[in-house]
Amino acid sequence: MRTDDFFIEQLSEGFFELFEDGSFQKMDPSRLDSAGDDPNIGKFTSALGIDPLLICHYGKNIVVDPGLGWGLDHKSSYRNTSNVATNLDIFGLKREDIDLVILTHLHYDHVAGCSFINSEFKTEATFPNAKYIVHKDEWDFALTRINKPSILPGAKYDLDELYKLVAQKRIEFIENDVHAPSRGITLIKSGGHTPGHLVLKMTSRNKIAYFLGDLIPTEYHLNHYSMKHVDTDPLESKKAKTILLKRALQEKAVLYFYHSLYKKSGKLSRDRYKKYVLLDV
Ligand SMILES: [Zn+2]
């Protein structure tokens, strides 16, 4: 999406299967066409997209939830793949050009791409010149979950690499419920999915857009509250979703989804049955 003052794009890592043990594997998107006949999808795994967001405005480059960092590690067997770093090329940007990284929450599938293992087998920040932003409540909660089994595979915390970024003072912990890290960008603590979960509002002169993280991970979740088993506080989650969607509808906002398989963004509207639908932008 381009407005007078914003350029917003999704840096898709592609489609993945999430297995019961919490591991991810890249999947061939053509399998989605025949997902109904595929005995594996839906039974032992879930299929999901991973779509980090790139925002460029007023000379600043921002990445939201840098994904799995698929193939970034030295000697990874998946070097020839698209990930948050290789996708920046498409827009003429390098890892070094990113000024700010916003993390909606610290589940593994949203933050693994913050760092990678370099050729000296050391952790290196994927975006060496960026400040990384996390809500303090999220960090405090994540620390209590270490070495505890996650409720579901998609709700895993793995902070080993993040500790190093904290030690290097690359992570800024915010404490307010509303925070504006940059002009036109507001971070709102929604809680629900996790205690420190953030959603992002982008306000330009003529358009409003939201990135809802895992509060509403796909277009399917606009009308179905099926996250009960993954959200740490389902009631708070439901409340936050209701308020945010109402607001976004009034504002005729564009929504971006992180895990969608099919429709990854669109303008929020309602059909005659009062169901939320996404219109093409
Ligand atoms: Zn999550």
Side-chain angles (χ1 to χ4, degrees), residues 10-25 45-53 63-70 83-84 101-115 132-162 171 173-174 187-200 210-222 224-241 244-245 255-261 264-265:
Q10 282 163 307
L11 304 173
S12 181
E13 284 194 308
F15 298 107
F16 289 83
E17 280 179 87
L18 168 61
F19 292 84
E20 271 185 345
D21 65 356
S23 64
F24 286 86
Q25 201 55 249
T45 71
S46 0
L48 72 178
I50 300 275
D51 295 291
L53 201 69
V63 166
V64 189
D65 286 358
L68 290 165
W70 198 251
N83 57 44
V84 68
V101 175
I102 295 165
L103 303 172
T104 59
H105 64 303
L106 296 177
H107 282 158
Y108 177 79
D109 54 323
H110 291 251
V111 304
C114 284
S115 61
Y132 295 67
I133 291 186
V134 178
H135 199 282
K136 176 82 165 49
D137 292 352
E138 182 65 17
W139 180 252
D140 291 346
F141 177 71
L143 291 177
T144 69
R145 300 302 308 161
I146 298 304
N147 300 328
K148 292 200 179 127
S150 58
I151 323 152
L152 267 186
K156 194 173 98 176
Y157 285 103
D158 182 352
L159 301 182
D160 288 0
E161 304 307 325
L162 287 180
I171 300 188
F173 295 106
I174 58 168
L187 301 176
I188 304 157
K189 190 180 104 174
S190 68
H193 179 63
T194 57
H197 186 280
L198 297 169
V199 300
L200 195 89
Y210 286 89
F211 180 79
L212 300 164
D214 269 0
L215 191 70
I216 307 182
T218 77
E219 81 281 21
Y220 172 81
H221 294 89
L222 285 172
H224 301 272
Y225 294 112
S226 61
M227 295 283 285
K228 269 192 221 83
H229 47 295
V230 221
D231 290 344
T232 49
D233 188 338
L235 197 66
E236 194 175 320
S237 202
K238 203 168 171 176
K239 217 160 72 184
K241 281 173 194 177
L244 276 164
L245 287 177
L255 305 186
Y256 289 91
F257 299 103
Y258 187 73
H259 284 309
S260 270
L261 290 174
K264 292 173 181 288
S265 65

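In listed order, ligands and their atoms are each counted from 1.
The Zn ion (ligand 1) has an N, O or S atom of H105 inside 2.8 Å of it.
Taking the N/O/S atoms of H107 in turn, the shortest distance to the Zn ion (ligand 1) belongs to ND1.
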**OP:** Report the C-alpha separation of T104 and D214 in whole Å, then their side-chain angles, then the decisive distance to 0.1 Å, and conclude whether the side chain to side chain contact (heavy atoms under 4.5 Å, CB included) test is met.
**Re:** CA-CA 8 Å; T104 59; D214 269 0; over 6 Å; no
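Note that CD1 of I216 and CZ of F257 are 6.5 Å apart. Values are rounded to the nearest 0.5 Å.
Counted by atom type alone, T218 and H221 present one or more donor-acceptor pairs between their side chains at under 3.5 Å.
The Zn ion (ligand 1) is the vertex of the angle joining NE2 of H193 and OD2 of D214, which measures 90° to the nearest 10°.
Ring-plane geometry between H105 and H193 is classed as perpendicular, the angle between the planes exceeding 60 degrees on a 0 to 90 degree scale with a lower cut at 30.
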